[in-house]
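Quick notes on the structure that follows.
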Amino acid sequence: MHTDEGRITELDEATCRQLLASHRVGRIAINAEPSPEVLPVDYALRSDGLIFHSGLGTKQAAAARGQAATFQVDGVDMARRAGWSVMVRGRLVITDESESPELPEPLPGGERPYVVHLSLDTISGRRIPPERGWLMPGRVWHGQDATDLMG
């Protein structure tokens, strides 16, 4: 069965990693009761995954159990009808990297004594280029904030 994907194109792993490294806030999706939860996190990219702060609650409990999770970050330019999205799938664990220099301070502040690591088991990304008038020169973008990826 063939489906029309429209303007959606796949991003290679190098571009996905570059996009992850260029942002600081994304969303972690965790299976919870009674339904999945999607929570924002301030994160840092490592070669083997992502790290972020957590207090007691859903993220910390999932990491204590070694639960599978999915992380997502994106960028959208509504004026050009363009955008991109990157997903990382892996397992959560609590780590002792609280003094890691690249670990960002959580935006909401407060006490978040746990550092959670999401392994980078799979990484994938998709892109929607502008509707017309722009061709992507290569797979890896060069701008500071990925705006050239959108056109």
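Only a predicted model underlies this, so the values are computations on that prediction, with no experimental measurement involved.
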Might you point out which heavy atoms bring G90 and D121 nearest each other, and give the distance in Å? CA-OD2, 3.4 Å
Could you tell me the separation between the CD1 atom of I28 and the CG atom of L118, rounded to the nearest 0.5 Å? 4.5 Å
Pair V86, H23 - check side-chain contact (heavy atoms from CB on, under 4.5 Å), show working. CA-CA 11 Å; V86 173; H23 287 71; over 6 Å; no
L19 side, atom CG; R127 side, atom CZ - distance, nearest 0.5 Å: 10.5 Å
Which heavy atom of S119 sits nearest to which heavy atom of R91, and what is that distance? OG-N, 2.8 Å
Which residues satisfy the side chain to side chain donor-acceptor pair (under 3.5 Å) test with R65, sequence neighbours excluded? Q67
Give a yes or no on whether V88 and V93 share a hydrophobic cluster (residues Ile, Leu, Val, Met, Phe, Trp, Tyr; joining criterion: side-chain heavy atoms under 4.5 Å apart). no
Please round to the nearest 0.5 Å and tell me the distance separating atom CD1 of I128 and atom OG1 of T9. 9.0 Å
Can you list every side-chain hydrogen bond (donor to acceptor under 3.5 Å, both in side chains) pair that touches residues 30-44, not counting sequence neighbours? E37-T58
Which pair of non-hydrogen atoms, one from S124 and one from C16, has the smallest distance, and what is that distance? C-SG, 3.6 Å
I would like to know whether K59 and I30 meet side-chain contact (heavy atoms from CB on, under 4.5 Å); could you show each step before the answer? CA-CA 8 Å; K59 295 175 285 197; I30 301 167; 3.8 Å; yes
CZ (R46) with more than 12 external heavy atoms under 6.0 Å: yes
Kindly compute the distance separating CZ (R126) from CG (L11), expressed to the nearest 0.5 Å. 10.0 Å
Less than 4.5 Å apart, side chain to side chain, heavy atoms only: is that true for I94 and Q60? yes
If every non-hydrogen atom of V38 is compared with every non-hydrogen atom of A29, which pair is closest and at what distance? CG2-CB, 4.1 Å
Give, for atom CH2 of W84 and atom CG of D77, the distance between the pair rounded to the nearest 0.5 Å. 12.5 Å
Please determine, by modelled atom types, if S85 and Q72 share a side-chain donor-acceptor pair under 3.5 angstrom. yes
Quick check on the hydrophobic clustering: are M87 and L45 connected, directly or via other members, by side-chain heavy-atom contacts under 4.5 Å? no
State plainly whether one hydrophobic cluster holds both L92 and Y114, where clusters connect Ile, Leu, Val, Met, Phe, Trp and Tyr through side-chain heavy atoms under 4.5 angstrom apart. no
Got F52 and H117 here, is their nearest side-chain heavy-atom distance under 4.5 Å? no
With sequence neighbours left out, write down each residue that passes side chain to side chain donor-acceptor pair (under 3.5 Å) with R17, or none if nothing qualifies. E13
Working for side-chain contact (heavy atoms from CB on, under 4.5 Å), residues L20 and V73: CA-CA 7 Å; L20 283 167; V73 65; 3.6 Å; yes
Shortest non-hydrogen pair, P113 vs G55, comes out as CD-CA, 4.1 Å
Mind listing the closest non-hydrogen atom pair of A63 and V116 along with its distance? CB-CG1, 3.8 Å
Tell me, with the steps shown, if L120 and D48 meet side-chain contact (heavy atoms from CB on, under 4.5 Å). CA-CA 6 Å; L120 206 157; D48 62 345; 5.8 Å; no
Could you measure the distance from the CZ atom of R89 to the CZ atom of F71? Nearest 0.5 Å is fine. 13.0 Å
